[in-house]
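Take a look at the structure set out below.
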Amino acid sequence: MARIVMKFGGTSVADLDRIKNVARHVKREVDAGHEVAVVVSAMSGKTNELVGWVQGTPKVVGANSPFYDAREYDAVVASGEQVTCGLLAIALHAMDINARSWQGWQIPIRTDNAHGAARILEIDGADIIKRMGEGQVAVIAGFQGLGPDNRIATLGRGGSDTSAVAIAAAVKADRCDIYTDVDGVYTTDPRIVPQARRLKKIAFEEMLEMASLGAKVLQVRSVELAMVHKVRTFVRSSFEDPDAPGMGDLLNPPGTLICDEDEIVEQEVVTGIAYAKDEAQISLRRLADRPGVSAAIFGPLAESHINVDMIVQNISEDGSKTDMTFTVPSGDVEKAIKVLGENKEKIGYDVVQNESGLVKVSVIGIGMRSHAGVAATAFKALAEKGINIKAITTSEIKISILIDGPYAELAVRTLHSCYGLDKN
Ligand code: ADP
Ligand code: ASP
Ligand code: MG
């Protein structure tokens, strides 16, 4: 007998038939004698609709900021998960399974005060552990917790993954299964590259890079928690027949295991390709080349919570002036330009230019640590397709390349095949 946390994403609970199908997956594990906690997302599209309402309200009533009250944003957008966890509990009752729904505040899942992007601080698992021991399935609303102000706080988009891993850590589950609409983690997004291959295993560090560089199959924070708390996490499909052979395998269920790198015997040089759309590039021209300039630029941007990513600096020919180019999410360009304008005197630049609609493609693999020439292979392959590179950053286990938006899919496909990742 084991203790298992099962998480079902938006497409897996998109309508009543799908919820019934999820109940069959839960029944399989309950019938096998396991203790089960389930975490659910809102029905697919629901959270977008709720966010749209919140953003629309100020326009109607005349307030000027779309998130003018993040606590009320949370009160609204958390409701999607409230619905699905109640419906799943009902579906389980209909199959004679003892189950009870739980909102984040009922457990409680305690978070910090960052409404809209809260972090989980603590989960009191005592009550659900006791009930699971008595044979009751806990059906928990993902994406939400209770802030220090005693109000509902949400965990940022895709946050139900994080709810699931955090609950698995809190109840010391043997496994956390993230059920979604693909049957595992692939070498790249299988919706963009049909040649993508499913990975049997992927190392925590690699999954962390994949997620933070755009592969939205898992929320970044969920991977961090899985790594820190050593939660045995599988990504698998809810769309397979719940009772197909092997689906209930305790040690090797179908899907992709996120694990320590030592567990991966045959480590490839490159494990996967990720991409992030909606990047923008900002360039400051003719800056003075003296100490303190970078601090004057990036300090105020950081204080305004603008996430700066790639940074490139060019020295002008006579060495007295420099250009600084960096990337931010497209949605932050206006804000960044405003902040830079307010600090123009202090920074001392001539003009600021910007370009939106760029894409960052990244090559990820732990094997890069011990192999030379991985970057050169990417540059050559992109050049052969006539794709211009606007900026590059590297770390020990990844290379990120900034390109023009329209080339995104071609670049992802090109990189995927140049490292031999295409399935035969
Ligand atoms: P859920 O609603 O279940 O949380 P998401 O839409 O958040 O599902 O995540 C699943 C999606 O992630 C897949 O449909 C797939 O298109 C996308 N995805 C992006 N990169 C990858 C990858 N490397 N492997 C698998 N899926 C990926
Ligand atoms: N429903 C939330 C979202 O769409 C959380 C999640 O699905 O993980 O972002
Ligand atoms: Mg998701």
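One-based numbering, in listed order, for ligands and for the atoms of each. Because the structure is predicted, anything quoted here is derived from the model rather than measured.
Annotation: atom 2 (O) of ligand 1 to nearest protein heavy atom, G10 N, 3.1 Å. For atom 8 (O) of ligand 1, the closest heavy atom belonging to the protein is T180 OG1, 3.1 Å. Atom 13 (C) of ligand 1 has as its closest protein heavy atom D181 OD1, 3.4 Å. The single protein non-hydrogen atom nearest to atom 6 (C) of ligand 2 is S160 OG, 3.4 Å, given as residue, atom name and distance. Y186 O, 3.0 Å is the protein heavy atom nearest to atom 23 (N) of ligand 1.
Residue-ligand proximity, R157 to ligand 2, at heavy-atom distances under 4.0 Å covers atoms 3 (C), 4 (O), 9 (O). Atoms of ligand 2 lying under 4.0 Å from any heavy atom of G158, numbered from 1 in the order shown and given with element: 3 (C), 5 (C), 6 (C), 8 (O), 9 (O). Within ligand 2, counting atoms from 1 as listed, the ones closer than 4.0 Å to a heavy atom of S41 are 6 (C), 7 (O), 8 (O).
Ring geometry for Y179 against F8 counts as parallel: the plane angle stays under 30°, on a 0 to 90° scale with 60° as the upper cut.
The closest side-chain heavy-atom distance from M207 to L199 is not below 4.5 Å. Residues R232 and D174 fail the side-chain proximity criterion, which asks for heavy atoms closer than 4.5 Å.
The shortest N or O to N or O distance between D161 and ligand 2 is not under 3.5 Å. The shortest N/O to N/O separation between K7 and ligand 1 falls below 3.5 Å. Residue contacts with ligand 1: K216 is placed with a nitrogen or oxygen under 3.5 Å of a nitrogen or oxygen of the ligand (distance criterion only). Considering backbone and side-chain atoms together, V182 places no N or O closer than 3.5 Å to any N or O of ligand 1.
Assignment of M207 to the shell around ligand 1 is not supported, since no heavy atom sits closer than 4.0 Å. Look at G184 and you'll find a heavy atom under 4.0 Å from some atom of ligand 1. Assignment of S41 to the shell around ligand 1 is not supported, since no heavy atom sits closer than 4.0 Å.
Other residues, nucleotides and ligands contribute at most 12 non-hydrogen atoms within 6.0 Å of the CZ atom of R100. By the neighbour-count criterion of 12 heavy atoms within 6.0 Å, atom CZ of R151 is sparsely surrounded, having that number or fewer from other residues, nucleotides or ligands.
Judged purely by distance below 3.5 Å, without hydrogens or angles, the side chains of H416 and R413 never pair a donor atom with an acceptor atom.
Of the possible donor and acceptor atoms, none in the side chain of R236 sits under 3.5 Å from a partner among the backbone N and O of V182.
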